[in-house]
Every structure is written in structure tokens, then in C-alpha cells.
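A quick write-up on the structure given underneath.
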Amino acid sequence: MKATVKLVQPQESATASGVEGYRVLARKYRPTKLSQVIGQDFLVETLKRGLEGGRLGHAFILTGIRGTGKTTTARIIARALNCHVGPTPEPCGTCPSCTAIAQERSMDVIEIDAASRTSVDDMREIIEASRYRAVSSAYKIYIIDEVHMLSKSAFNALLKTLEEPPAHVKFIFATTEIQKVPATILSRCVRFDLKRIESPTLAAYFKTLCAQEAVEFDEDAIALIAKAAEGSVRDGLSLLDQAMTYGTSAEGIPHVSALNVRKMLGLSEQGAVLELFQTLMGGDIVSALEKLRYFYQEGSDPARIIEDLLDLNHWLQCLKINPDLAQDITLSPEKREKGLELAKNLTLPTLTRVWQMLLKGLDEVRRAPSPQKALEVLVIRLTHMTPLPSLQELLEGLGEGSEKKKP
Ligand SMILES: [Zn+2]
């Protein structure tokens, strides 16, 4: 399972932790041109064609969950429009406009956080200033983040400008809650929906960053981080940041290992949950109660333990139906094997019955004055569960009964 990638000449570039003034990955590798944006192919293609053909509207709205690149894209659009060799999808990065935007000191790109400037007076101030031409670039660009936070009167003030915008003004809005933006505003904007980024796309991106940072990695470790990021580049990058400082290889090179990432994400508990489940199904009460003590020492909450057992039960049921699901990367190879073994030895009716008992137990644990005692009672109940006869066995039993009646 382990596929460690060895880098040929790690000493040639800066390592993640070895260099002073280490910048977090999200800042260091923030895209500055459209071609660097990942997982948003439709948006990139549309913007690129618009910029090349000089057919871009005067107002855009970018929407999507957090960490998908709304603000980053807004800044790229600003660069693309104001680059002195542009408008171009590939801003040069060296002209006065590009450098000013990179250093966040461009007079012509004004970023406003609507969460802190919601009033109509704030909006009037902005509109008033928008009358004056850009200082040193083609456009005066207003980036308004979290635009849904604006007050109703602020939206109304903005609407007038959006209806008859000065030719030198562009608005770029970003929001996580598009449904809170009035339809009158939306109808005057070009809308872009930023998608959650697929985990294979994220994983491929993280691998290129590891290579650039001269960091070794396990394939599974990167896949785990990509999965945990749930579509957000920013969340994924901050996990990768953490993982890079977590461990080093024998040669002292930073190494992102699957083992450490599982620990970091709190997935190593799964092994203990599997063992507990196995003990419960084996009917070994003394050992089961002993295992509970391990969870208490780790500070696990009784309800959380039952939830984990429910998750495991669900996984085992799925495994019975489709053994291929054992290839779950959140589990170490040994645990996958143990899971398959358990699934093979337990029947679906038993698993369903355990599921119901766990659900009932969860409810009891939540209501009991002592959740810990309620959990122990549940554990006792589970270890004393006698396996139900299968339907097959029942039918055979009935068959035998009727056979016996015959003389
Ligand atoms: Zn430029």
C-alpha cells in the first residue's frame, strides 16, 4: 500500500521546515493567473474566452463553499483586467499594476469586506469614489467579499450604479450564500459557481506542491488529505501544512506518511474501534470492558464511541455486499484485512440486530445520568447477544418439524 516517492535532488530546493520565514502553502502557492486555477474548468474557460475577446461584463458574482477560490479568482480577474499588457488571461506579473496588486497596494483594486461594511453610508462612499477614473490602470475594480451581508438599503444604493455603471468601473462580488443576494443584483451580474474540487484533482495538486517543497509522501497520505479537505483547497492546504511538519524520514527529509496523517485526522482510533467490535461479537465481556477503559483514557465520549461502532457496523454491512469497499484508504492495510475477516464471519441479520441495539444504546447514553454506565450496560447486552438463527435455519427447522409429524 505504501508508495513512497523519493525525490532525486531534495537539497536543491528549500524544504518545508528548514528555511526561515516559512510561508503557509495557501499563501505561497496562491494562483495568480487563470491557468493555475485547479478544478474550475468551466469558469476558467469562460473567463479566458471573455478576456481574449474583450467581451467581459462590468459585474461578476462568484459563489461557492468556503475555500474553493472565490477571492483568489476575484483577484485574478482584477489582475487580468488591469495588466498593462492586457486585458489578458495570463497577467504578466511584472508590470506596475500586477506588482501593486501582488503587494496589495493597488489604488485601482479596492477590496471590501461586506461583513464589516454593511451600511448604506459605506456603499455611498464607495459609489462616490467610483466616479473618479482609475489612477494608473484601465479599470477601477471593486471586490466585495461576502456581498450577501450588505443591508437592504446598501443593496439599493449599489443597484443604481450597477444599472448605469461608469465605463471604467468593474464590480466583482463573492459570496457563500447566493440565495441571500437580491435578484435585482444577480440579474445584472455574470454569475460563476465555483465547484467543490474533486479529491483526485486535489491529490494531484498536493503532490506537485510536495515535489516543489522537496517533501516525501505516501500516496495514501495525500489521498487521505484530499478526502478530508471535502472539496476545499484551503482546508486541504492547511492539513498538508500540518502534515509536512509532523514527521521526517530517516534521512531527515520531511515526510508526509499515511500513519501520521491518520493520527492527525483522528483516524487511528478506528483500529481500537475495530478491536472493540471484534471483542463484543466474540462475547468476551471482561476484555470488552477493559477495552472501554482505553477509550476513556483517550478522553473519548461514550456517545462518540457508539457512533464509531455504528459507522463500523455500517461499513461491515457494506463489505458483505461489496468486498471491494475494503479498499478504504482511511484504514491501514491490516485493519482492512481485519474488517473483511469480521464481515465474513458475521451474518447480515446479526449486523442489523447489532445496529438496532447500538442505536437504542446511543439514545440511552444520551439520556442517562451517567453516560459511562449506560455504555457499559450496552456492552454487557451486546456480549450476551445470542446469534439469531438465520431464515434458512428457521425454515429447515420448520421442515424438520413437519417431517417428524409424519408417521
Ligand atoms: Zn501585468
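Everything numeric here is computed off the predicted structure, so don't read it as measured data. Numbering starts at 1 and runs along the sequence shown. Both counts, for ligands and for their atoms, begin at 1 and track the order of listing. These values consider heavy atoms only, across backbone and side chains, with no hydrogens, waters or symmetry-generated copies.
Protein N/O/S atoms nearer than 2.8 Å to the Zn ion (ligand 1) total 4.
Ring geometry for F60 against F192 counts as parallel: the plane angle stays under 30°, on a 0 to 90° scale with 60° as the upper cut.
A donor-acceptor contact shorter than 3.5 Å is absent between the side chain of T201 and the backbone of I197. Although no hydrogens or angles enter the test, the distance criterion places no donor-acceptor pair under 3.5 Å between the side chain of T350 and the main chain of L346.
Side-chain contact annotation: E90 with S35, donor-acceptor N/O pair under 3.5 Å present.
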Discussion item. Before you tell me yes or no, could you show the steps for E52 and R49 under salt bridge (charged side-chain N to carboxylate O under 4.0 Å, His left out), namely the whole-Å CA-CA distance, both residues' side-chain angles and the distance that decides it to 0.1 Å?
Written reply: CA-CA 5 Å; E52 281 166 353; R49 264 186 275 124; over 6 Å; no
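Electrostatic pairing of R336 and D220 counts as a salt bridge here, judged by a charged N lying under 4.0 Å from a carboxylate O.
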